[in-house]
Amino acid sequence: MDFKDASEQAQAVKTGEVSAREVVLESIKRIEELNPELKAVVSMQFEKALAKADALIDLSAPFAGVPILLKDLGQHQAGQLSTSGSKLFANYYANQDDNYTKKIEELGFIILGRTNTPEFGFKNISDSQLHGLVNLPKDKTRNAGGSSGGAAAAVASGMVQLAGASDGGGSIRIPASFNGLIGLKPSRGRLPVGPGSYRGWQGASSHFALTKSVRDTRQFLYGMQTCQLESPFPLPTLSHDALFRKIAEPLTIAYRLESPIGTVLSDEAKWAVLEMVDKLTKLGHKLIPLERDILDGVEVMKSYYIMNSVETAQMFDQIEKSFGRDMTLSDMELMTWAIYQSGQKIPAKHYSQVLQDWDRYGAVMADFHKTYDLLLTPTVASVAPKHGQFALSPDLQENLKNMDSFSVADQQDLIWEMFADSLAWTPFTQLQNLTGQPAISLPTFVREDGLPIGVQLTSAKGREDLLLALSEQIEESGLLKM
């Protein structure tokens with residue numbers, strides 16, 4: 001029972017070619033066969049899923065009967081385990097549905113369980129101490145990426161055709177690139193938020209999915225989008241005509257081959273972009289190289305780390321209230337502890353300046369897109385990393401354990417050092433989270449050893465229609481390699 005994508009699955013259920021139960025059973029079978037090695041799925045609800053499949057009568061929803069996995073970070077489902085990849089929450093069961101999850105069920109999906117993620121989604125790899133390493137399906141010595149690594153491995157291996165994911169600094173696009181999938185991070189405010197949290201790292205984090213086709217990406221976006229006036233970042237929805245339109249005229253596309261933080265890129269990352277430049281030019285678009293970065297990438301990342309520190313400290317204030325005690329290093333992984341401690345000392349006025357800087361970055365990018373329809377870059381600097389590749393030195397680990405003894409400036413230097421190697425692998429995906437722009441990773445290049453790497457397209461805020469129209473043209477031209 002092989003399907004190209006979730007849309008084909010849904011059509012087969014609608015026409016009676018297969019039943020929802022048969023489709024769900026096939027996914028369950030693949031999870032049971034593949035998950036012991038991949039470690040993509042961390043909790044299952046198979047009986048509930050089969051009961052829902054058996055009870056399915058109304059097939060009018062766009063993805064009626066299609067099995068899906070949710071990410072084990074947010075995307076809460078009442079009564080189901082929700083660990084956030086943390087041993088603190090190893091036995092936590094959500095008490096209400098997230099609005100994202102409600103929408104998932106409205107679209108007809110049948111939820112099978114939840115996927116592996118690093119603790120609180122802080123990494124671009126998935127290696128939580130609670131659930132273990134997520135193996136790349138194409139090479140088990142490599143990590144599937146993060147923080148939506150379990151979701152990516154589940155889709156890439158065929159457990160499901162589409163899986164819930166989220167992106168606070170590249171967590172959809174990075175594993176999409178490593179696994180040869182399509183990964184869209186939507187505009188800030190595009191998808192539903194709440195009721196537990198409405199800001200998600202001050203709007204930097206957004207939920208979506210990992211997919212195998214542009215039509216799935218487009219239909220999922222159309223069905224999930226909302227103009228949520230109670231949220232801090234409401235965004236007008238895209239009409240069906242706008243979102244499903246074809247490319248009507250040549251686009252002006254800027255491209256950049258250099259890392260925004262001055263680190264080294266692999267040859268394949270550059271080749272992937274240059275190959276796409278050639279293909280898009282032949283499709284009639286105007287490709288223009290950028291001689292310099294639009295913004296200071298180091299400044300952008302430092303502001304990102306300040307946000308991450310403050311938001312983590314605030315999160316642990318709430319956790320301490322819930323647990324009725326102070327948190328200690330033994331409660332969490334070392335990286336989490338370091339981020340948490342660094343957020344305790346940052347002055348409010350400093351954080352306020354960071355958020356104003358984000359507004360400035362957004363204005364700069366909005367002005368950029370008055371000249372250029374899209375920006376083309378690598379998604380990542382290289383293929384999926386080896387397990388253990390970003391291990392921290394003993395000296396750095398000791399400093400991180402004693403994070404509270406350092407000044408604010410020294411703490412942020414340590415945070416930079418802690419992420420330096422992993423950031424060098426993925427320096428292209430954070431800016432869009434701060435500016436609220438949509439960006440998509442497309443699987444267009446495969447190395448000689450069979451490992452994929454993606455290219456990233458970024459548009460102005462609110463212009464997912466443009467991203468998906470060009471993505472469809474690329475797909476129809478046979479340029480996606482999945």
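The chain is numbered in sequence order, starting from 1. Keep in mind that the numbers below use all heavy atoms, side chains included, and drop hydrogens, waters and symmetry copies.
Within 6.0 Å of NZ on Lys286 lie no more than 12 heavy atoms contributed by other residues, nucleotides or ligands. Atom NZ of Lys14 has more than 12 heavy atoms from other residues, nucleotides or ligands within 6.0 Å. Taking a 6.0 Å sphere around NZ of Lys29, one finds it holds 12 or fewer heavy atoms contributed by other residues, nucleotides or ligands. At most 12 non-hydrogen atoms from other residues, nucleotides or ligands lie less than 6.0 angstrom from NZ of Lys138.
In terms of modelled atom types and a separation under 3.5 Å, the side chain of Ser259 and the main chain of Ile261 share a donor-acceptor contact. In this structure a side-chain-to-backbone donor-acceptor pair under 3.5 Å is present from Thr379 to Val455. Between the Gln432 side chain and the Thr458 main chain, no donor and acceptor come within less than 3.5 Å of each other. Between the Glu268 side chain and the Arg447 main chain, no donor and acceptor come within less than 3.5 Å of each other. When atom types are taken as modelled, the side chain of Tyr351 and the backbone of Glu311 share no donor-acceptor pair closer than 3.5 angstrom. Looking at His76, its side chain never comes within 3.5 Å of a backbone N or O of Asp98 through a donor-acceptor pair.
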Check your understanding: Going through the distances and angles, do Met301 and Leu431 end up as a side-chain contact (heavy atoms from CB on, under 4.5 Å)?
Key -> CA-CA 8 Å; Met301 281 311 305; Leu431 174 62; over 6 Å; no
Exercise for review: For the pair Ile474 and Lys279, evaluate side-chain contact (heavy atoms from CB on, under 4.5 Å) and give the outcome as yes or no after the intermediate values.
Suggested key: CA-CA 9 Å; Ile474 291 169; Lys279 301 295 186 182; over 6 Å; no
Practice item. With salt bridge (Lys or Arg N to Asp or Glu O under 4.0 Å) as the test, would you mind laying out the steps for Arg360 and Asp296 before giving the verdict? Key: CA-CA 12 Å; Arg360 175 169 55 85; Asp296 183 330; over 6 Å; no
Point to revise | Stepwise side-chain hydrogen bond (donor to acceptor under 3.5 Å, both in side chains) check, Ser166 with Lys71 | key: CA-CA 8 Å; Ser166 60; Lys71 184 176 178 179; 2.9 Å; yes
Practice item. Give the intermediate values and the outcome of side-chain contact (heavy atoms from CB on, under 4.5 Å) for residues Ile125 and Phe390. Key: CA-CA 9 Å; Ile125 57 173; Phe390 304 138; 3.9 Å; yes
Review point. What do the steps show when you test Glu249 against His285 for side-chain hydrogen bond (donor to acceptor under 3.5 Å, both in side chains), and what is the final call?
Key: CA-CA 8 Å; Glu249 57 190 19; His285 302 293; over 6 Å; no
Practice item. Could you give me the CA-CA distance, side-chain angles and deciding distance for Thr83 and His131, then say whether side-chain hydrogen bond (donor to acceptor under 3.5 Å, both in side chains) is met? Key: CA-CA 10 Å; Thr83 73; His131 296 303; 3.0 Å; yes
**Study point:** Working for side-chain contact (heavy atoms from CB on, under 4.5 Å), residues Tyr255 and Thr377
**Key:** CA-CA 6 Å; Tyr255 67 94; Thr377 66; over 6 Å; no
Practice item. Would you sort out whether Trp358 and Thr435 count as a side-chain hydrogen bond (donor to acceptor under 3.5 Å, both in side chains), showing the intermediate values? Key: CA-CA 6 Å; Trp358 289 15; Thr435 60; over 6 Å; no
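Inspection of the Thr426 and Asn124 side chains reveals an N or O donor paired with an N or O acceptor under 3.5 Å. Donor-acceptor pairing under 3.5 Å is lacking for the side chains of Tyr305 and Gln430. Looking only at atom types and distance, the side chain of Thr237 has no donor-acceptor partner in the side chain of Gln225 under 3.5 Å away. Between Gln456 and Ser441, the side chains place no donor N or O within less than 3.5 Å of an acceptor N or O (distance only, hydrogens not considered).
Using cut-offs of 30° and 60° for the angle between ring planes, the Phe122 and Phe120 rings count as tilted.
Across Lys212, Gln161, Arg215, Gln11, a single residue satisfies side chain to side chain donor-acceptor pair (under 3.5 Å) together with Asp5, and that is Arg215. Of the residues listed (Pro118, Ser206, Ser205, Ser147), the one engaging Ser171 in a side-chain contact (heavy atoms from CB on, under 4.5 Å) is Ser147, and it is the only one. Results of the side-chain contact (heavy atoms from CB on, under 4.5 Å) test with Leu136 over Asn143, Thr141, Leu451 single out Leu451 as the only residue that passes.
Of all non-hydrogen atoms in Thr444 and Ala272, the two that sit nearest each other are OG1-O, 4.5 Å. Shown here for Gly132 and Asn116, the closest heavy-atom pair between the two residues is O-ND2, 3.2 Å. Residue Asp2 comes nearest to Glu8 through the heavy atom pair O-OE1, 4.1 Å, listed as atom of the first residue, atom of the second, then distance.
In this structure, Glu476 pairs ionically with Lys246, as a charged nitrogen and a carboxylate oxygen lie closer than 4.0 Å. Between Lys270 and Asp267 no salt bridge is recorded (no basic side-chain N to carboxylate O distance below 4.0 Å). Using a 4.0 Å cut-off between charged side-chain N and carboxylate O, Asp216 and Arg218 make no salt bridge. Residues Lys123 and Asp127 are paired through a salt bridge, judged by an N-O separation under 4.0 Å between the basic side chain and the carboxylate. Under 4.0 Å is where a charged nitrogen must lie from a carboxylate oxygen, and between Arg256 and Glu291 no such pair does. A salt bridge is absent between Glu106 and Lys102: the closest approach of a Lys/Arg side-chain nitrogen to an acidic carboxylate oxygen does not fall below 4.0 angstrom.
A 4.5 Å side-chain heavy-atom check between Leu480 and Ile182 finds at least one atom pair inside the cut-off.
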Name each donor-acceptor pair under 3.5 Å that joins a side chain in residues 184-191 to protein atoms two or more places apart or in another chain, with its distance.
unit_1	atom_1	unit_2	atom_2	d
Lys185	NZ	Gln437	O	2.8
Ser187	OG	Gly462	N	2.8
Ser187	OG	Glu464	OE1	3.3
Ser187	OG	Glu464	OE2	3.0
Arg188	NE	Gly203	O	2.8
Arg188	NH2	Asn433	O	2.7
Arg188	NH2	Leu434	O	2.9
Arg190	NE	Glu464	OE1	3.3
Arg190	NE	Glu464	OE2	3.2
Arg190	NH1	Pro236	O	2.8
Arg190	NH2	Gly462	O	3.2
Arg190	NH2	Glu464	OE1	2.9

